[in-house]
A.B. asks: 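Sharing a structure with you now.
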Amino acid sequence: MAGGSGTRFWPLSKETHPKQFIDILGTGRTLLQQTFERFRKIFPLENIFIVTGLAYKQITLDQLPEIPENQVLLEPHRRNTAPCVAYATHKIKSICPDANFIVSPADHLIINELSFLEVISKGLVFAAGHTALLTIGIKPTSPQTGYGYIQINTEDEISSAFNGFKKVKTFTEKPDLEMAKIFLESGEFFWNSGIFIWSAKAISEALEVNLPEVNTLFENKNAVYNTVDEAAFIENAYSDCRNISIDYGIMEKAENVYVVCADFGWSDLGTWSSLYEHSTKDANGNVITSSNTLDYNLKNCIVKVPEDKLVVLNGLENYIVVETDNVLLVCPISEEQEIKQIVNQVKMLKGGEYI
């Protein structure tokens, strides 16, 4: 899934060039490219599909020249993750009705790739043998308020062959700090990674039962997938489809939901503080990407500014400082959850050129 706008990484991430297409980590590869290369280690090229916005077709093909154009699924409108999954499910079923597949965001950080791929491989074996919806839960290391949580049924062990696989008891949206602390102490809650593994059969049945109005729009009634009529069909489907997430539409309602509990160094890189957490820091706890920055009495800040501009910072602590071609953002890290609202206000007051 590579169609998000990455609003919380504004102003570096903008609607015309969101974070999945940016080398946020400074590795020389964008997040989309890193995700593709990660899965390429265990899947053949012809089994990898990218779902993204129509506006991002060319940048996707430019960044992934190995991917054939017919494996880039283009969403004409943003409708959240449930329509994205429905589209991909019916597309894949038209090619291989018995497929088992993974749904993964294109913009996550995975530190221990070997461990991650082992979990994925084991999850595929589980999906092949169970009509179930499997998600990956991440062992929490701190009381994060920016993640959703999965509560496991601690008494339900599937089998010795699937150690660490648990039945899901509840899904919980992003909690406040006090509740997140309770979750962490209980040992029953895991971060919701947003990575799913299932068979075409299992997800098709879940769509039919829980989101019939969405599923009907994407059903391959007239064998349009992989034909010249697919684009027009998808335009009509998305025009009529409501905005709904796969978590809310399917995972929170279905009875056959399981989680594999894992710990492979994961972050959804959804915020500037998450990038700060996973970046190398100087002696004062700062992450400064430009060599043309002079800092005085700067502590625990993340600074991302152009190399061709001298930037002098004095006396800041726990701040985000980001400059792009036409925007400068200075914001306390503690208030970064307001960035999404700020972007909406900027669009309303100043127009779309800044977002």
Side-chain angles (χ1 to χ4, degrees), residues 4-35 63 107-112 140-147 174 177 180 191 265-347 349-351 353-355:
S5 59
T7 306
R8 290 178 293 173
F9 261 109
W10 184 82
L12 183 65
S13 174
K14 295 184 177 180
E15 283 193 356
T16 56
H17 199 86
K19 70 168 182 171
Q20 61 267 28
F21 303 112
I22 299 172
D23 177 17
I24 283 181
L25 296 168
T27 63
R29 307 293 283 167
T30 68
L31 295 176
L32 173 64
Q33 289 171 325
Q34 290 186 55
T35 304
Q63 292 197 1
D107 53 6
H108 287 187
L109 170 68
I110 306 293
I111 294 175
N112 188 337
T141 56
S142 60
Q144 290 287 338
T145 59
Y147 296 150
K174 299 171 184 177
L177 182 59
W191 291 332
W266 170 90
S267 171
D268 74 347
L269 288 181
T271 61
W272 285 107
S273 63
S274 63
L275 178 60
Y276 172 85
E277 180 183 347
H278 293 283
S279 299
T280 303
K281 302 166 186 63
D282 65 19
N284 293 315
N286 299 309
V287 176
I288 302 175
T289 61
S290 170
S291 60
N292 207 19
T293 299
L294 298 178
D295 61 285
Y296 304 91
N297 304 311
L298 206 68
K299 294 181 180 179
N300 305 324
C301 293
I302 181 165
V303 180
K304 198 168 185 68
V305 294
E307 283 282 353
D308 61 355
K309 179 176 289 188
L310 173 64
V311 176
V312 182
L313 298 170
N314 185 8
L316 292 180
E317 184 171 356
N318 299 315
Y319 264 79
I320 302 163
V321 181
V322 182
E323 183 177 4
T324 59
D325 52 353
N326 62 351
V327 177
L328 170 65
L329 171 71
V330 182
C331 175
I333 291 177
S334 62
E335 297 180 21
E336 67 172 348
Q337 296 297 334
E338 303 296 320
I339 290 177
K340 197 168 186 177
Q341 296 174 349
I342 290 170
V343 171
N344 292 334
Q345 292 177 353
V346 169
K347 186 174 183 179
L349 298 173
K350 298 295 183 180
E353 66 178 298
Y354 297 103
I355 56 98

A.B. asks: Measure the CG-CD distance between N292 and E307 for me, rounded to the nearest 0.5 Å.
C.D. replies: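 Going from the CG atom of N292 to the CD atom of E307 covers 6.5 Å.
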A.B. asks: Taking atom CD of E336 and atom OG of S274, what is their separation to the nearest 0.5 Å?
C.D. replies: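 Output value for this atom pair is 7.0 Å.
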A.B. asks: What's the spacing between N300 CG and Y276 OH if we round to 0.5 Å?
C.D. replies: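 Result: 4.0 Å between the selected atoms.
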A.B. asks: With heavy-atom distances below 4.5 Å as the criterion, would you say the side chains of D295 and V303 are in contact?
C.D. replies: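 D295 vs V303: side chains apart.
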A.B. asks: Sequence neighbours excluded, which residues qualify as side chain to side chain contact (heavy atoms under 4.5 Å, CB included) partners of E277?
C.D. replies: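 Counting only residues at least two positions away or on another chain, E277 forms a side chain to side chain contact (heavy atoms under 4.5 Å, CB included) with Q144.
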A.B. asks: Sequence neighbours left out, what pairs pass side chain to side chain donor-acceptor pair (under 3.5 Å) with at least one residue falling in residues 326-335?
C.D. replies: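 Non-adjacent pairs meeting side chain to side chain donor-acceptor pair (under 3.5 Å): K14-N326.
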A.B. asks: Find out whether T7 and N344 are in side-chain contact, i.e. whether some heavy atom of one side chain is under 4.5 Å from a heavy atom of the other.
C.D. replies: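 Side chain of T7 against side chain of N344, heavy atoms only: no contact under 4.5 Å found.
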A.B. asks: Indicate yes or no: at least one non-hydrogen side-chain atom of L329 is less than 4.5 angstrom from one of I339.
C.D. replies: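 In contact.
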A.B. asks: Do L31 and L25 come close enough that some side-chain heavy atom pair is under 4.5 Å?
C.D. replies: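 They are in contact (side-chain heavy atoms under 4.5 Å apart), so the answer is yes.
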A.B. asks: Drop me the distance from T324's OG1 to K304's NZ, to the nearest 0.5 angstrom.
C.D. replies: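 Here the rounded value is 12.0 Å.
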A.B. asks: Hey, what do you get for CG (D23) to CD (Q33), rounding to the nearest 0.5 Å?
C.D. replies: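 Here the rounded value is 8.5 Å.
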A.B. asks: Does K281 have more than 12 heavy atoms from other residues, nucleotides or ligands lying within 6.0 Å of its NZ?
C.D. replies: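 Counting neighbours around NZ of K281, more than 12 heavy atoms of other residues, nucleotides or ligands fall under 6.0 Å, so yes.
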A.B. asks: Out of curiosity, N318 CG to C301 SG, how far, rounded to the nearest 0.5 Å?
C.D. replies: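 One gets 6.5 Å once the value is rounded to the nearest 0.5 Å.
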A.B. asks: Looking at G270, is its backbone amide N or carbonyl O close enough to the side chain of R8 to form a donor-acceptor pair, meaning the two atoms are under 3.5 Å apart?
C.D. replies: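 Yes; at least one donor-acceptor contact below 3.5 Å.
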A.B. asks: Is it the case that the side chain of E323 and the backbone of P306 share a donor-acceptor pair, with hydrogens and angles ignored and the cut-off at 3.5 Å?
C.D. replies: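 Pair absent, no side-chain N/O of E323 close to backbone of P306.
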A.B. asks: Using a 4.5 Å cut-off on heavy atoms from C-beta on, say whether the side chain of K347 contacts that of E15.
C.D. replies: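 Yes, at least one pair of side-chain atoms sits under 4.5 Å.
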A.B. asks: Between N284 (side chain only) and N286 (backbone N and O only), is there a donor and an acceptor less than 3.5 Å apart?
C.D. replies: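 Checked: no pair found.
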A.B. asks: Using side chain to side chain donor-acceptor pair (under 3.5 Å) as the criterion, list what pairs up with T280, not counting sequence neighbours.
C.D. replies: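 T280 satisfies side chain to side chain donor-acceptor pair (under 3.5 Å) with no other residue.
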A.B. asks: Which is it for Y319 and L298 under the side-chain contact (heavy atoms from CB on, under 4.5 Å) test, yes or no, and what are the steps along the way?
C.D. replies: CA-CA 9 Å; Y319 264 79; L298 206 68; over 6 Å; no
A.B. asks: Mind listing the closest non-hydrogen atom pair of S5 and P18 along with its distance?
C.D. replies: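 So the two residues come closest at O-CB, 3.5 Å.
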A.B. asks: Step by step, would you call V311 with L294 a side-chain contact (heavy atoms from CB on, under 4.5 Å)?
C.D. replies: CA-CA 6 Å; V311 176; L294 298 178; over 6 Å; no
A.B. asks: With a 4.5 Å cut-off on side-chain heavy atoms, are T145 and K174 touching?
C.D. replies: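 They are not in side-chain contact.
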A.B. asks: Indicate the ring-plane relationship of W266 and Y147, choosing parallel, tilted or perpendicular according to the 30° and 60° boundaries.
C.D. replies: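 It falls in the tilted class, 30° to 60°.
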A.B. asks: Going through the checks in order, is the side-chain contact (heavy atoms from CB on, under 4.5 Å) test met by T271 and Q337?
C.D. replies: CA-CA 8 Å; T271 61; Q337 296 297 334; 4.1 Å; yes
A.B. asks: Between L275 and F9, is any pair of side-chain heavy atoms under 4.5 Å apart?
C.D. replies: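 Side chain of L275 against side chain of F9, heavy atoms only: contact under 4.5 Å found.
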A.B. asks: Would you check, one step at a time, whether the test side-chain contact (heavy atoms from CB on, under 4.5 Å) holds for T30 with I22?
C.D. replies: CA-CA 5 Å; T30 68; I22 299 172; 5.7 Å; no
A.B. asks: Tell me if a side-chain donor or acceptor on S13 pairs with a main-chain N or O of K19 at a distance below 3.5 Å.
C.D. replies: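 Yes.
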A.B. asks: How about V305 and V322: do any of their side-chain heavy atoms sit closer than 4.5 Å?
C.D. replies: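 No, their side chains stay 4.5 Å or more apart.
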